[in-house]
Amino acid sequence: MRTINSKEITEAVIRLAIQKAYEIGDDILKGFDWALTNEKSETGREILQQLKENAKIAAEGVVPYCQDTGMAVLFVEVGQDLRIEGDLEEALNEGIRRAYVDGFLRKSVYKDPIRRVNTGDNTPAIIHYSIVKGDQLKITFGAKGGGSENMSRLSMLKPSDGIEGVKNFVIETVSIGGANACPPLVVGVGIGGNFEKCAILAKKAALRSFQVRNQDPFYAEIEEELKEKCNALGVGPMGLGGTVTVLGVNIEVFPCHLVALPVAVNINCHAARHGEIIL
Amino acid sequence: MAEYRLIAPLKDDDVVKLKIGDKVLLSGIVYTARDAAHKRLIELLDKNENPPFEIKGSVIYYVGPTPPRPGKVIGAAGPTTAVRMDAYAPRLMKEGMKGMIAKGKRNDSVKKAMMEYRVVYFGATGGAGALINRCIKKAEVVAFEDLGPEAIRKLEIEDFPLIVVGDSFGGDLYIGGRMKWEKKE
């Protein structure tokens with residue numbers, strides 16, 4: 001059985017979380033170039049140029065890309081043949097804590113949703129574990145901004161609503177909240193599972209590169225169709241009107257109960273910070 | 001669409017010439033405030049106590065920056081979503097606030113108050129925290145230090161690039177801009 005020390009996990013999380021706050025991913029940079037050639041509004045193009053310039057300045061490593069450096073979301077896949085020395089959850093949270101304190105990132109987590117006092121170190125992270133085959137540890141990290149998260153929605157559709165019902169719900173969500181969520185957006189859609197599962201699927205989708213299509217051609221095609229329809233809404237960069245509202249729409253699906261058709265839409269802003277490490 | 005250079009604090013004359021879509025490079029003094037700071041400001045006003053800065057003519061920037069690195073003025077400092085301040089904004093307009101900098105749509109009571117009190121709503125580019133950082137020359141906490149990133153800061157800004165997204169005549173670029181580009185089926 002392979003053994004890994006929890007300190008190694010902490011160090012890896014620190015590096016990943018700091019790097020993502022300053023260096024926006026290559027997918028988003030390519031997305032901005034695509035957007036610049038497809039955006040017809042002059043104001044929209046100016047905003048996209050500002051975002052490219054912003055990415056360049058942030059990559060120098062002094063000032064983060066966005067002041068909302070997010071609440072940390074971690075998808076942790078633990079190989080069943082891996083033994084972890086020490087406390088895994090504490091190791092992950094310590095990684096986030098040190099990244100946000102040492103990396104000069106904003107602490108955006110409140111201890112309690114009603115009494116609202118800052119924890120001071122951006123912990124706890126929201127952690128989703130799964131046990132998988134093998135002896136590796138895979139951590140997918142997302143620094144999820146609060147403004148775009150607030151524009152996310154979930155609906156328990158009826159099976160008779162079908163795929164058209166799902167599409168309408170996605171488009172309606174972008175139409176209602178897109179302007180407030182810092183477009184151009186990455187839209188994560190979870191379809192199926194149950195109430196909580198479809199929300200988690202949507203989060204996974206929102207943290208996937210928008211350049212990667214669903215492996216099922218049926219859903220890959222729907223991703224492309226939804227991207228086009230969302231961009232026809234006219235919301236535009238920063239909601240000020242234009243022809244590019246989303247960089248991409250990502251769908252994740254799971255089997256569901258025969259009476260159900262749950263759908264969740266998790267909106268991610270252009271600062272769609274995500275990355276993964278395998279230990 | 002016109003382009004202006006303005007200096008905050010603002011006067012009515014500055015505000016009434018602005019129309020949605022206009023570009024503004026703003027310099028001068030602005031104050032930061034978000035949800036928690038707004039709540040406390042209103043509580044002070046309700047108790048007839050003095051607010052920590054002159055509200056008359058002021059421009060308030062809805063921002064919660066990242067902490068500055070040693071020797072730096074401030075961290076990333078892009079705008080936050082305005083709608084959460086809608087409950088408080090009309091009261092501050094009544095006290096003489098002349099401008100708001102943020103991002104996102106406003107509700108009808110805010111837009112109505114902007115017409116009544118002659119106030120402008122500037123949009124800054126959301127998520128451009130590093131770019132906007134370069135426009136901020138000085139920053140000092142003037143109230144509610146315990147709120148951390150949400151404390152009220154006095155910022156000295158230079159050529160902060162803004163777009164008029166809401167004007168004092170009821171214009172709303174979030175509606176007007178989208179109407180121009182929406183494709184009808």
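All chains are named by letter (A, B, ...) in the order of the sequence lines, taking the proteins before the strands, and each is independently numbered beginning at 1.
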| Would you say R178(B)'s side chain and G239(A)'s backbone share a donor-acceptor pair under 3.5 angstrom? |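 No, because the side chain of R178(B) does not come within donor-acceptor range (under 3.5 Å) of the backbone of G239(A).
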| field | Approximate separation, where rounding is to 0.5 Å, of T43(A) OG1 and M1(B) CE | value |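 The OG1 atom of T43(A) sits 5.0 Å away from the CE atom of M1(B).
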| query | Between NZ of K180(B) and NZ of K40(A), what distance do you get to the nearest 0.5 Å? | reply |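 Answer rounded to 0.5 Å: 12.5 Å.
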Using a cut-off of under 4.5 Å for heavy-atom pairs, which of [options] has the most such pairs with chain A?
| options | value |
| --- | --- |
| A130(B), G177(B), G129(B) | A130(B) |
| G78(B), G104(B), G75(B) | G78(B) |
| L173(B), I20(B), I175(B), V83(B) | L173(B) |
| T125(B), D146(B), I132(B), T81(B) | T125(B) |
| P65(B), A36(B), G64(B) | G64(B) |

Region of [X] that comes under 4.5 Å of a non-hydrogen atom in chain A:
| X | value |
| --- | --- |
| A128(B) | both |
| P149(B) | side chain |
| K105(B) | both |
| I163(B) | side chain |

| field | side-chain contact (heavy atoms from CB on, under 4.5 Å) assessment of T80(B) paired with D68(A) | value | CA-CA 8 Å; T80(B) 193; D68(A) 185 353; over 6 Å; no
| Test item: S175(A) and E182(B) side chains (from C-beta on) under 4.5 Å apart, heavy atoms | no
| Would you call T243(A) and W181(B) a side-chain contact if the rule is heavy atoms closer than 4.5 Å? |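 SC-SC contact between T243(A) and W181(B) confirmed.
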Sort [X] into side chain, backbone, both or neither according to what part of it lies under 4.5 angstrom from a heavy atom of chain B.
| X | value |
| --- | --- |
| L105(A) | backbone |
| Y100(A) | neither |
| T69(A) | side chain |
| V62(A) | both |
| A271(A) | neither |
| K107(A) | both |

Can you tell me if [X] has over 12 outside heavy atoms packed within less than 6.0 Å of its [atom1]?
| X | atom1 | value |
| --- | --- | --- |
| I7(B) | CD1 | no |
| E42(A) | CD | no |
| E221(A) | CD | no |
| E145(B) | CD | no |
| E140(B) | CD | yes |
| K17(B) | NZ | yes |

So which heavy atom on [X] is nearest to which on [Y], and how close?
| X | Y | value |
| --- | --- | --- |
| L131(B) | E53(A) | CD1-CG, 3.4 Å |
| K103(B) | N180(A) | NZ-O, 2.9 Å |
| C66(A) | A76(B) | C-CB, 3.8 Å |
| Y174(B) | A179(A) | CD2-CB, 4.1 Å |

Top residue by heavy-atom pair count (under 4.5 Å) with chain B, among [options]?
| options | answer |
| --- | --- |
| A21(A), A58(A), S41(A) | S41(A) |
| A55(A), P64(A), P183(A) | P64(A) |
| G146(A), G236(A), G242(A), C269(A) | G242(A) |
| H270(A), K56(A), R106(A) | R106(A) |

| Check ion pair R134(B)-E60(A) (N to O, under 4.0 angstrom) |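 Counted as a salt bridge, because a side-chain N and a carboxylate O are separated by less than 4.0 Å.
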